[in-house]
Amino acid sequence: MTGKNDAAGGTGLSPGIEAAWGLRDRPVKGPKPGLSVDRIVAAAVGVAASEGLGAVSMGRVAKELGASTMALYRYVSAKEELYLLMQEAAMGTPEPLPALESGAGWRAALGEWAWAQRRMFQRNLWALRIPIAGPPASPNSVAWWEQGLQALRGSGLAAGTRISVVLLVSGFVRNEATLMSDVAAAVEEKGVPAEEFMARWERTVRRLVDPVRHPELAGLLGTGVISEPDGPDHEFEFGLARVLDGIEVFVRREAG
């Protein structure tokens, strides 16, 4: 990737990917002095962080910048491209993994990689709402993908299998982050503390559950375990450990 998009045929990449890799010419100065891709993306991220991804539009971002909507199109070709650039900004460059650098082993490195992804999503919950348009192809998404594959370098797994493992772990992280985000949003909408929200849910379920039709759930409610508070990371810790347990069994089987 050394040249800009040419008039004859271009790079063959989507506009968003070209923009992320810096393969498209940008105007030296736009209709409004100081307007730039970085400023546009920063304004869009600000809107998404405060109002949600659904509030982001070219017109809304232009208003934030005090520019015309058409002025933005000189820098960003469409909302889909803006989404991709916002995602790049949210992901950032992956942080170093101590376990990878110290040679602590693939399981420790992959676990750190999963936690790093979760922290990234927790800082940018709106990014979970960006539709997945295909395999990673933008600079930061490729960097995260590369780091996940590096974490598995000492596992002895074949290249194609390592890809499947990275997909499995990243899928778990994304699903857990989305679930926790949805629950947090529901609690916020009710305007009550999380403990009271869960207590109300438990009372409702107790009224509705029939011990004959739902014997397991009725028995679970009888133990009082649902009322016991868990730490904010409990479900992620438990789930990630079980995912890594399964991968470890597979790695041993493949090695044998």
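Nothing fancy with the numbering, it's 1 onward along the sequence. Just so we're clear, the structure is a prediction, and the values are computed from it rather than from any experiment.
Listed for the Trp106 side chain is no donor-acceptor partner under 3.5 Å among the backbone atoms of Gly156. Looking only at distances, no side-chain donor or acceptor of Ser181 sits under 3.5 Å from a matching main-chain atom of Ala177.
For the atom pair CZ (Arg74) and OG (Ser36), the distance works out to 13.0 Å, reported to the nearest 0.5 Å. Distance CZ/Arg162 to CG/Leu110: 11.5 Å, rounded to 0.5 Å. Leu72 contributes atom CG, which lies 11.5 Å from atom OG of Ser77 (distance to the nearest 0.5 angstrom). Going from atom CZ of Arg118 over to atom CD of Glu237 covers 8.0 Å, rounded to the nearest 0.5 Å. Taking CG of Leu128 as the reference point, atom CG of Asn175 lies at 10.0 Å (rounded to 0.5 Å). How far CE of Met91 is from CD of Gln117: 7.0 Å, rounded to the nearest 0.5 Å.
At a threshold of 4.5 Å between non-hydrogen side-chain atoms, the residues Trp145 and Ile163 count as touching. Side-chain contact between Glu112 and Leu100: absent, with no pair of heavy atoms (C-beta onward) separated by less than 4.5 Å. Between Arg60 and Glu51 there is a side-chain heavy-atom pair separated by less than 4.5 Å.
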Check step by step if side chain to side chain contact (heavy atoms under 4.5 Å, CB included) holds for Glu248 and Leu244. CA-CA 6 Å; Glu248 187 166 5; Leu244 294 175; over 6 Å; no
Yes or no on side chain to side chain contact (heavy atoms under 4.5 Å, CB included) for Glu95 and Arg119, after CA distance, side-chain angles and deciding distance? CA-CA 11 Å; Glu95 58 196 66; Arg119 288 191 293 272; 2.6 Å; yes
Run the side chain to side chain contact (heavy atoms under 4.5 Å, CB included) check on Arg203 and Arg200 step by step: do they pass? CA-CA 5 Å; Arg203 290 193 294 270; Arg200 290 182 183 180; 3.2 Å; yes
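Nearest heavy-atom pair, Trp113 versus Ser170, reported as atom, atom and distance to 0.1 Å: CH2-CB, 4.0 Å. Closest approach of Gly46 and Ser50 over heavy atoms only: O-OG, 3.0 Å. The minimum heavy-atom distance between Ala127 and Ala90, with the atom names listed, is CB-CB, 4.3 Å. Contact record, Arg174 with Ile130: NH2-O, 3.4 Å, taken as the closest heavy-atom pair. The two atoms that bring Val142 and Pro136 nearest to each other are CG2-O, 3.9 Å, heavy atoms only. Scanning both residues, Glu81 and Ala19, for their nearest heavy atoms gives OE2-CB, 3.2 Å.
Listed by first and then second residue, the side-chain hydrogen bond (donor to acceptor under 3.5 Å, both in side chains) pairs that reach into residues 120-130 are Arg129-Asp182, sequence neighbours excluded. Listed by first and then second residue, the side-chain hydrogen bond (donor to acceptor under 3.5 Å, both in side chains) pairs involving residues 148-159 are Glu146-Gln150 (not counting sequence neighbours). Annotation: ring-ring contact (aromatic ring centres under 6.0 Å, His included) contacts involving residues 214-233, sequence neighbours excluded, are absent. Contacts classified as ring-ring contact (aromatic ring centres under 6.0 Å, His included) and involving residues 229-252 (residues at least two apart or in different chains) are given here: Trp115-Phe236, Phe172-Phe236.
A donor-acceptor contact under 3.5 angstrom links the side chains of Ser141 and Ser138, judged on distance only.
Residues satisfying the side-chain contact (heavy atoms from CB on, under 4.5 Å) criterion with Thr93, sequence neighbours excluded, are Asn140. Trp201 is linked by a ring-ring contact (aromatic ring centres under 6.0 Å, His included) to nothing, counting only residues two or more places apart in sequence or in another chain.
By the criterion of side-chain heavy atoms lying less than 4.5 angstrom apart, applied directly or through intervening Ile, Leu, Val, Met, Phe, Trp or Tyr residues, Val173 is not grouped with Val183; the two fall into different hydrophobic clusters. Taken together through direct or relayed side-chain contacts under 4.5 Å among Ile, Leu, Val, Met, Phe, Trp and Tyr, Trp144 and Ile132 form parts of separate hydrophobic clusters. Residues Ile247 and Val249 do not share a hydrophobic cluster, defined by chaining ILVMFWY side chains whose heavy atoms lie under 4.5 Å apart. Both Val56 and Met70 are members of a single hydrophobic cluster when ILVMFWY side chains are connected at heavy-atom separations under 4.5 Å. Side-chain heavy atoms closer than 4.5 Å link hydrophobic residues (I, L, V, M, F, W, Y) into clusters, and following such links, even through other members, never connects Tyr83 to Phe121.
In summary, Arg39 and Glu64 do not engage in a salt bridge, as defined by a charged side-chain N under 4.0 Å from a carboxylate O. For the pair Lys190 and Glu196, the salt-bridge criterion is not met [side-chain N within less than 4.0 Å of a carboxylate O].
When each of Val61, Leu53, Ile40 is paired with Met86, the side-chain contact (heavy atoms from CB on, under 4.5 Å) condition holds for Leu53 and for no other.
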